[in-house]
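Below: one structure, written as structure tokens.
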Amino acid sequence: MSSQNPMRVAVVGATGFQGGAVARLLAERKHRVRTLTRRPDGDRPPLPGTEFVPGELGDARSVRRLFEGTTHAFVTMPLVYETERVRDYARTLARAARDAGVERLVFNSNTRVPQAPTTVPAFETRRLAEEVFRDSGVPLVVVRPPVYLDNLFSPWNGPALVNEGILAYPLPAATPTAWISHRDLAEAAYAALTGEGLEGRTFDIGGALSLTGADLAAAFGRGLGREVRYVALRPELFERGLAQLLGPETAAGVAGIYHYMATGGDPLLMAGDDGVSAETLAVSPAPVEEWVTRQPWQVWSSDTEEQPA
């Protein structure tokens, strides 16, 4: 598939962090981007070059409008973990994509997915969505990221990192994890949309290295120029804090991934794939310390003299 001609891409989830990164990269490269949103004009994130279609995934007519005239699609599901609701969303998207003659749909599962079935909705609803898209006949590529570095540039992690040198996250310290940034997700998505002969493939994308908690802390220490210590946060504490922001149902869905990882039953789930995805997609994820140096950590500093004017 050639990327010489501009694509017309329906980006589902562009008002979120992951889809937004993909939409921005596509627009930067002069492709036409369209997304679906329920937000009013004044409450939309800055997405230059993106056309907003009013509507929601539960409304088949607005989804059809989103896909009209598009050649490609990138889909990230919202933070919904109810089986029937996710199935309905996936079927609606698949029908609209098929009817529009979409040449390729890239589905971002938002997480790795264990090989064997589990009882974890965050995994199984994404496995279900993959199956719906695959069965629809729309040419499909799936990307399965592990954990995002961008999760750590947040009010929950930033201040402790900058002021105390503590990196707390709900993964066991010994779990090797191929941390990836939203920007590198976008690069992988772009490659999956445009690369030749990728239909039907599933890629466990991730960063260049699989890092334990100590490895991650060392990389952050190099990027921040200070000593950093990793602390494995208990998943139940993570879930409790997340519930204050997202509500208990959504928090339970997200935290299910970390409860599962805490069991130690699938310790390599978030690890790298020995460079297979990066080589096939011809992408080069940035090293963690490079990502760290690009972030404006001073916004979390308690030293008022370091605050930007």
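Side chains are part of it too, since the values below use all heavy atoms of this structure and drop only hydrogens, waters and symmetry mates. Starting from 1, each residue takes its place in the sequence as its number.
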Indicate yes or no: at least one non-hydrogen side-chain atom of [X] is less than 4.5 angstrom from one of [Y].
{"X": "Ser210", "Y": "Thr177", "answer": "no"}
{"X": "Leu246", "Y": "Leu79", "answer": "yes"}
{"X": "Phe107", "Y": "Val143", "answer": "no"}
{"X": "Ile205", "Y": "Leu281", "answer": "yes"}
{"X": "Val9", "Y": "Thr70", "answer": "no"}
{"X": "Tyr260", "Y": "Pro235", "answer": "no"}
{"X": "Met77", "Y": "Tyr89", "answer": "yes"}
{"X": "Met7", "Y": "Thr194", "answer": "yes"}

Ser181 and Asp150: CA distance, side-chain angles, deciding distance, side chain to side chain donor-acceptor pair (under 3.5 Å) verdict: CA-CA 6 Å; Ser181 69; Asp150 306 75; 4.9 Å; no
Could you check whether atom [atom1] of [X] has more than 12 heavy atoms from other residues, nucleotides or ligands sitting under 6.0 Å from it?
{"X": "Arg98", "atom1": "CZ", "result": "yes"}
{"X": "Glu279", "atom1": "CD", "result": "no"}
{"X": "Glu249", "atom1": "CD", "result": "no"}
{"X": "Arg294", "atom1": "CZ", "result": "yes"}

Should [X] and [Y] count as an ion pair when the cut-off is N to O under 4.0 Å?
{"X": "Arg183", "Y": "Glu187", "answer": "yes"}
{"X": "Glu130", "Y": "Arg127", "answer": "no"}
{"X": "Glu68", "Y": "Arg64", "answer": "no"}

For [X] and [Y], work out which heavy atoms get closest and say how close.
{"X": "Pro267", "Y": "Pro176", "value": "O-CD, 3.6 Å"}
{"X": "Val63", "Y": "Ala96", "value": "CG1-CB, 3.7 Å"}
{"X": "Ile257", "Y": "Ala122", "value": "CG1-CB, 3.6 Å"}
{"X": "Tyr81", "Y": "Gly253", "value": "CD1-CA, 3.5 Å"}
{"X": "Gly206", "Y": "Pro146", "value": "CA-CD, 4.0 Å"}
{"X": "Pro139", "Y": "Val102", "value": "CD-O, 3.9 Å"}

Drop me the distance from [X]'s [atom1] to [Y]'s [atom2], to the nearest 0.5 angstrom.
{"X": "Glu290", "Y": "Gln295", "atom1": "CD", "atom2": "CD", "answer": "10.5 Å"}
{"X": "Thr71", "Y": "Glu103", "atom1": "OG1", "atom2": "CD", "answer": "5.5 Å"}
{"X": "Phe123", "Y": "Arg144", "atom1": "CZ", "atom2": "CZ", "answer": "10.5 Å"}
{"X": "Leu66", "Y": "Arg34", "atom1": "CG", "atom2": "CZ", "answer": "6.5 Å"}
{"X": "Phe220", "Y": "Tyr230", "atom1": "CZ", "atom2": "OH", "answer": "11.0 Å"}
{"X": "Leu193", "Y": "His72", "atom1": "CG", "atom2": "NE2", "answer": "6.5 Å"}

Is it true that a side-chain atom of [X] and a backbone atom of [Y] form a donor plus acceptor pair closer than 3.5 Å?
{"X": "Thr175", "Y": "Leu171", "value": "no"}
{"X": "Asp204", "Y": "Pro145", "value": "no"}
{"X": "Ser301", "Y": "Gln298", "value": "no"}
{"X": "Arg104", "Y": "Gly195", "value": "yes"}
{"X": "Arg226", "Y": "Gly221", "value": "no"}
{"X": "Arg8", "Y": "Arg32", "value": "no"}

Reference residue Ser277; test side chain to side chain donor-acceptor pair (under 3.5 Å); the match among Asp274, Thr280, Asp273: Asp273
Among His31, Glu28, Arg29, side chain to side chain donor-acceptor pair (under 3.5 Å) partner for Tyr190: His31
Distance-only donor-acceptor check, side chains [X] and [Y], under 3.5 Å:
{"X": "Asn157", "Y": "Tyr169", "result": "no"}
{"X": "Gln18", "Y": "Tyr148", "result": "yes"}
{"X": "Ser302", "Y": "Asn163", "result": "yes"}
{"X": "Glu236", "Y": "His259", "result": "no"}
{"X": "Ser62", "Y": "Glu56", "result": "no"}

For Thr37, all residues meeting side chain to side chain contact (heavy atoms under 4.5 Å, CB included), sequence neighbours excluded: Thr15, Arg39, Arg44, Phe52
Taking [Y] as the starting point, is it possible to reach [X] by hopping between hydrophobic residues whose side chains are less than 4.5 Å apart?
{"X": "Val254", "Y": "Met261", "result": "yes"}
{"X": "Leu185", "Y": "Val12", "result": "no"}
{"X": "Leu224", "Y": "Trp179", "result": "yes"}
{"X": "Val132", "Y": "Leu105", "result": "no"}
{"X": "Val138", "Y": "Val11", "result": "no"}

Trace of the side-chain contact (heavy atoms from CB on, under 4.5 Å) decision for Val33 with Leu47: CA-CA 10 Å; Val33 181; Leu47 292 172; over 6 Å; no
Stepwise side-chain contact (heavy atoms from CB on, under 4.5 Å) test for Val299 and Phe153: CA-CA 10 Å; Val299 301; Phe153 188 78; 4.0 Å; yes
Criterion side-chain contact (heavy atoms from CB on, under 4.5 Å) against Tyr258, the qualifying member of Leu242, Leu233, Val147: Val147
Verdict with reasoning, Leu128 to Thr83, per side-chain contact (heavy atoms from CB on, under 4.5 Å): CA-CA 8 Å; Leu128 171 62; Thr83 300; 3.7 Å; yes
Criterion side-chain contact (heavy atoms from CB on, under 4.5 Å) on Thr212 and Asp215, from CA distance to verdict: CA-CA 5 Å; Thr212 64; Asp215 296 333; 3.0 Å; yes
Test log, rule ring-ring contact (aromatic ring centres under 6.0 Å, His included), inputs Phe238 and Trp156: CA-CA 10 Å; Phe238 171 77; Trp156 301 276; 9.1 Å; no
